[in-house]
Amino acid sequence: MTALDVPDILSPEFAADPYPLYRRMRDEHPLLWHEGMQSWIISRYQDLERAFKEPVFTTDNYDWQLEPVHGRTILQMSGREHSVRRALVAPAFRGNTLQETFLPVIESHARRLVDTFRDRGSVDLVPEFAQRFPVDVIADMLGLDQADHARFQGWYTSVIAFLGNLSQDPDVAAAGLRTREEFAAYLLPLIAERRANPGTDLLSTLCLAEIDGTRMSDEDIKAFCSLLLAAGGETTDKAIASLFKNLLEHPDQLAAVRADRSLIPRAFAETLRFSPPVHMIMRQPAEDVEFGGGVVPAGSTLTCLIGAANRDDRRYAHPDRFDIFREDLTAKTAFSAAADHLSFALGRHFCVGALLAVAEVEVGTNQLLDAMPDLAFAPGFAPAEKGVFTRGPVALPVTFTPVA
């Protein structure tokens with residue numbers, strides 16, 4: 001099962017462009033043991049679908065992967081504990097609450113950021129919009145001080161680095177552990193304050209939420225907010241940047257989206273498939289499980305390569321082609337547990353913030369297109385992606401003629 005002829009997933013070659021290597025893994029080594037990571041690796045769509053849906057695949061790996069930086073999160077829970085905690089937090093991210101309470105927040109932050117460069121004629125969309133927008137939205141939703149944005153950015157960056165620390169760099173690990181202490185020192189006093197004097201913000205809502213006599217503890221709320229900032233910030237940041245990179249590289253599709261904004265969800269769904277923000281998620285089987293003629297032992301770490309599975313030609317026609325009009329990806333279900341891509345996972349741990357991400361991407365994309373009618377890459381710029389665990393454009397300088 002160990003394939004010495006497959007380039008190392010931690011190698012510079014893989015980091016530079018994982019997709020050719022993903023193809024070789026799918027075709028030649030669908031089950032692979034990685035000695036350095038001490039993990040089994042799967043890469044085919046059908047295998048990942050099993051790993052996300054079947055109950056034998058647990059999230060016990062998050063005990064060591066997430067808990068050191070977040071505390072114990074909803075992702076580690078199962079059974080009634082998981083269903084109750086999810087029921088406590090989910091209403092804030094869908095339906096009337098999302099549309100009436102948080103959509104105006106999303107719109108105002110998008111407008112405020114676009115206003116900082118709409119008259120300039122040029123902008124780097126990664127640091128000046130994509131990296132700021134989702135963190136600003138989440139902080140505002142929680143009722144946190146916008147003046148602390150730089151701290152939130154630093155915290156979520158260090159958490160994501162910790163999660164993607166596949167080579168076990170001790171400095172990265174130490175920074176992640178410090179983040180948990182710093183975030184707890186920041187948020188726990190605010191939780192106590194909101195319990196005593198609740199407002200209309202999401203943090204207050206979480207403090208007051210109750211189902212069948214069960215309420216979230218201070219630690220539950222802190223861990224969820226830490227997870228929300230990191231996961232919601234990093235993934236939406238990279239999704240927005242990748243969406244614009246993909247459209248700019250396909251001018252005909254950019255023109256179609258500009259002319260018909262109802263295509264934005266299609267463009268977002270295809271971006272999630274073609275260039276997902278998160279390239280791998282781990283699971284831990286409770287029993288021995290067979291994949292591709294081999295057996296993953298109970299209790300092993302199983303690394304699920306989303307970036308590979310989303311380009312599996314057993315599932316998609318012409319998978320290496322970005323095509324917002326493809327017929328084998330359904331935009332209407334792309335942001336639900338019935339999605340036919342894997343970027344939000346599937347099953348009981350399907351991303352609770354998927355609809356928030358869609359709202360942010362739709363609003364942000366609309367406002368950016370309105371402000372930049374002839375959007376183009378800056379002269380001489382060649383886009384590049386970076387990352388192994390999460391991945392996206394490192395910069396996206398563009399030019400445009402300001403709207404009069």
> Just by modelled atom types, is the Gln367 backbone N or O under 3.5 Å from a matching donor or acceptor in the Arg111 side chain?
Replying inline: no
>> Tell me whether Arg311 forms a cation-pi arrangement with Tyr316, defined as NZ or CZ under 6.0 Å from the six-membered ring centre and within 45 degrees of its axis.
In response: no
>> Donor-acceptor check, side chain of Glu234 to backbone of Ile160, threshold 3.5 angstrom: yes or no?
In response: no
>> Tell me if the centroids of the rings in Trp40 and Phe291 come within less than 6.0 Å of each other.
In response: no
>> I'd like to know if Asp370 pairs up with Arg261 as an ion pair, taking the criterion as any Lys NZ or Arg NE/NH1/NH2 lying under 4.0 Å from an Asp or Glu carboxylate oxygen.
In response: yes
> Going by an N to O cut-off under 4.0 Å, is there a salt bridge joining Asp115 and Arg118?
Replying inline: yes
> Within 45° of the axis and under 6.0 Å from the centre of the six-membered ring of Tyr45, does NZ or CZ of Arg315 qualify?
Replying inline: yes
> Applying the side-chain contact (heavy atoms from CB on, under 4.5 Å) test to Phe129, which of Val123, Leu113, Asp237 qualifies?
Replying inline: Leu113
>> Pairing donors with acceptors under 3.5 angstrom, does anything connect the side chains of His149 and Gln153?
In response: yes
>> With a 3.5 Å distance limit and no angle check, can you tell me whether Thr58 reaches the backbone of Gln284 through a side-chain donor-acceptor pair?
In response: yes
>> Does the structure place the NZ or CZ of Arg151 under 6.0 Å from the centre of the six-membered ring of Phe183, at an angle of no more than 45° from the ring's axis?
In response: no
>> When you compare the side chains of Asp8 and His34, does any donor N or O come within less than 3.5 Å of an acceptor on the partner?
In response: yes
> Only one of Lys245, Met372, Gln131 clears side-chain contact (heavy atoms from CB on, under 4.5 Å) with Leu125; which?
Replying inline: Met372
> Taking the inter-plane angle between the rings of Phe152 and Trp155 on a 0 to 90° scale, is it parallel (under 30°), tilted (30 to 60°) or perpendicular (over 60°)?
Replying inline: tilted
>> With heavy-atom distances below 4.5 Å as the criterion, would you say the side chains of Phe322 and Arg273 are in contact?
In response: no
> Are side-chain N/O atoms of Thr179 and Ser158 paired as donor and acceptor at under 3.5 Å?
Replying inline: yes
> Any donor-acceptor pair under 3.5 Å linking the side chain of Asp312 with the backbone of Arg26?
Replying inline: no
> Is there a side-chain contact between Thr301 and Met37, using heavy atoms and a 4.5 Å cut-off?
Replying inline: no
>> Taking the basic N atoms (NZ, or NE/NH1/NH2) and the acidic carboxylate oxygens, is any pair closer than 4.0 Å for Arg391 and Glu385?
In response: yes
> Where do Ser275 and Asn246 land on the side-chain hydrogen bond (donor to acceptor under 3.5 Å, both in side chains) test, with the steps shown first?
Replying inline: CA-CA 9 Å; Ser275 49; Asn246 292 336; 3.0 Å; yes
>> When you compare the side chain of Leu248 with that of Pro251, does any pair of heavy atoms fall below 4.5 Å?
In response: no
> Do Glu219 and Ile191 touch side chain to side chain, with heavy atoms closer than 4.5 Å?
Replying inline: no
